[in-house]
Amino acid sequence: MSGQPAAGSPSALEVTMLTAVLGGQKVLEIPSLQVFPNEVLVVIGPNGSGKTTLLFCLSLLLKPATGAISYQGVPVADGPSTLRKRRELAVVFQESLLLNTTVQDNVTLGLRLRGVSGEKIRERTQTWLERFGVSALSRRQAKTLSGGEAKRVSLARAFALQPEVLFLDEPFSALDSPTRQALLEDFQTVLRETRVTTVMVTHDRNEALVLADRVAVLMNGRIRQIGRPEEVFSSPVDEEVAGFVEAGNVLHGVLNSQSNGLVSVDIAGRQLQAASNLGAGTRVTVLLNYEDVTLSMPLPQTAPSSARNQLRGKIIRVFPVGSQLKVYLDCGFTLASLITRRSWEELGLEVGREVVASFKASSVHLIAKR
Ligand code: ADP
């Protein structure tokens, strides 16, 4: 797996017996957590689960109540060594927190404080503002920037520091959807190129799927599951984790054709149509919400439908989810659909029955694998 250290090499970051207390309440209890060199660890969890507190402890902005934190095998002690280590880290917050000066000064200031030489400051500032597509704004006052532009500057500022570990606290949550998508793609490219060791917290499972080498699920201050994103999202350890992470089918496939924004994805020998500009041969994770899969009885001839995807399958399992039913089909691979009890009864469905699962190409969300 990418991000795993060579045998015997220290973790980039490791904590043991970490607890944090806020307002007299224990809000975090982490017996052990390792972050491997060059990996992107994304911590997801509902609001109030302790994500920000964990990020603040790891980045040495908050002193834990108990526990030890080591960077590259060296424990961080109280006092000056904490301060020195903190200067080797960078944190990007939910709010961009830019200083009331020009864009360029926002990037150069941190470098100057860290004693980087003049020539290098200019070079790195230019490189990273360009990399995040905001070099044309370098003389603008930071307070005149849009939310998306400010976020790009705060990311450029963090990368320019060349941190030992990069921390991000819900960095994209305040952005509107198109702005967020564009920035997420640029950020993903930069992470793949630099391979900087990264810890990011978010409540957005899609961000985790796009960015993470490993995902940790934090609930009530405890890590309930940690593993590769596909593993966590498709096999949650228990119902509570499933309730948070599960929103749809997570499948694996390969693109085998591309034509004008419509692709055909091979999943275990069956073909799905999806809207995407990815090229043929790309290995993809396929996300498809349960609600977007409708079921009907097979007809002798294909019934007219706006759904491009119509797969025959057999019902293998069914169980109630709130007022609805989750129906699992064997279509050559396992596909699940969420339907009302009324539909189930009207269609006369039962386990073992053959049905047709339909869904639109636009409902199929593809993520290119690394
Ligand atoms: P998340 O980032 O997952 O939303 P936080 O780390 O912000 O969660 O908070 C974890 C828990 O600690 C929550 O229950 C929150 O209400 C509580 N908490 C956060 N800050 C304080 C504080 N300053 N005093 C008391 N409780 C706090």
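Start at 1 and go down the list; that is how both ligands and their atoms are numbered. Fair warning: this is a prediction, and the values are worked out from it, not measured in the lab. This chain uses plain numbering: 1 for the first residue, then up along the sequence. These numbers come from the heavy atoms of this one structure, side chains and all, not from hydrogens, waters or symmetry mates.
The nearest heavy-atom contact from the protein to atom 26 (N) of ligand 1 is Leu22 CB, 3.7 Å. Of all protein heavy atoms, the one closest to atom 13 (C) of ligand 1 is Gly48 O, 3.5 Å.
Of all the atoms in ligand 1, the ones that sit under 4.0 Å from a non-hydrogen atom of Thr53 are 5 (P), 6 (O), 9 (O), 10 (C). Atoms of ligand 1 found under 4.0 Å from any heavy atom of Gly23, numbered from 1 in the order shown, are 24 (N), 25 (C). Interface of Pro46 with ligand 1, defined as ligand atoms under 4.0 Å from a residue heavy atom, comprises 3 (O). Remark: ligand 1 atoms within the under-4.0 Å shell around heavy atoms of Ser49 are 1 (P), 3 (O), 8 (O). For ligand 1, the atoms lying closer than 4.0 Å to a non-hydrogen atom of Asn47 are 4 (O).
Salt-bridge annotation for Asp186 and Arg152: present, with a side-chain N of the basic residue lying under 4.0 Å from a carboxylate O of the acidic one. The residues Lys314 and Glu354 are annotated as not salt-bridged, no charged nitrogen and carboxylate oxygen being separated by less than 4.0 angstrom. Of the charged side-chain nitrogens involved, none lies within less than 4.0 Å of a carboxylate oxygen, so that Arg342 and Glu345 do not count as a salt-bridged pair.
Checked against the 6.0 Å centroid threshold, Phe187 and Phe172 count as a close aromatic pair.
A cation-pi arrangement is present between Arg205 and Phe233 under the rule of less than 6.0 angstrom and at most 45 degrees off the ring axis.
For atom 6 (O) of ligand 1, the nearest protein heavy atom is under 4.0 Å away. Within 4.0 Å of atom 20 (N) of ligand 1, at least one protein heavy atom is present. Less than 4.0 angstrom separates atom 15 (C) of ligand 1 from none of the non-hydrogen atoms of the protein.
Under the rule for a side-chain contact (heavy atoms from CB on, under 4.5 Å), the partners of Gln181 that lie at least two apart in sequence or sit in another chain are Leu184, Glu185.
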Start with the C-alpha gap between Asp266 and Arg283, add the side-chain angles, then the distance that decides, and say whether salt bridge (charged side-chain N to carboxylate O under 4.0 Å, His left out) holds.
CA-CA 10 Å; Asp266 184 302; Arg283 291 190 318 122; over 6 Å; no
Determine, stepwise, if the pair Arg131 / Glu193 fulfils salt bridge (charged side-chain N to carboxylate O under 4.0 Å, His left out).
CA-CA 11 Å; Arg131 199 66 194 76; Glu193 282 171 13; 2.8 Å; yes
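Residue contact check for ligand 1: Gly50 places a non-hydrogen atom closer than 4.0 Å to it. Note on ligand 1: Gly221 sits outside its first shell, no heavy atom being nearer than 4.0 Å.
In terms of polar-atom proximity, defined here as any N/O pair under 3.5 Å, Lys51 does make such a contact with ligand 1.
Only the side chain of Val27 comes within contact range of ligand 1, with a heavy atom under 4.0 Å; no backbone atom does.
Side-chain contact, Thr66 with Thr19: a donor N or O sits under 3.5 Å from an acceptor N or O.
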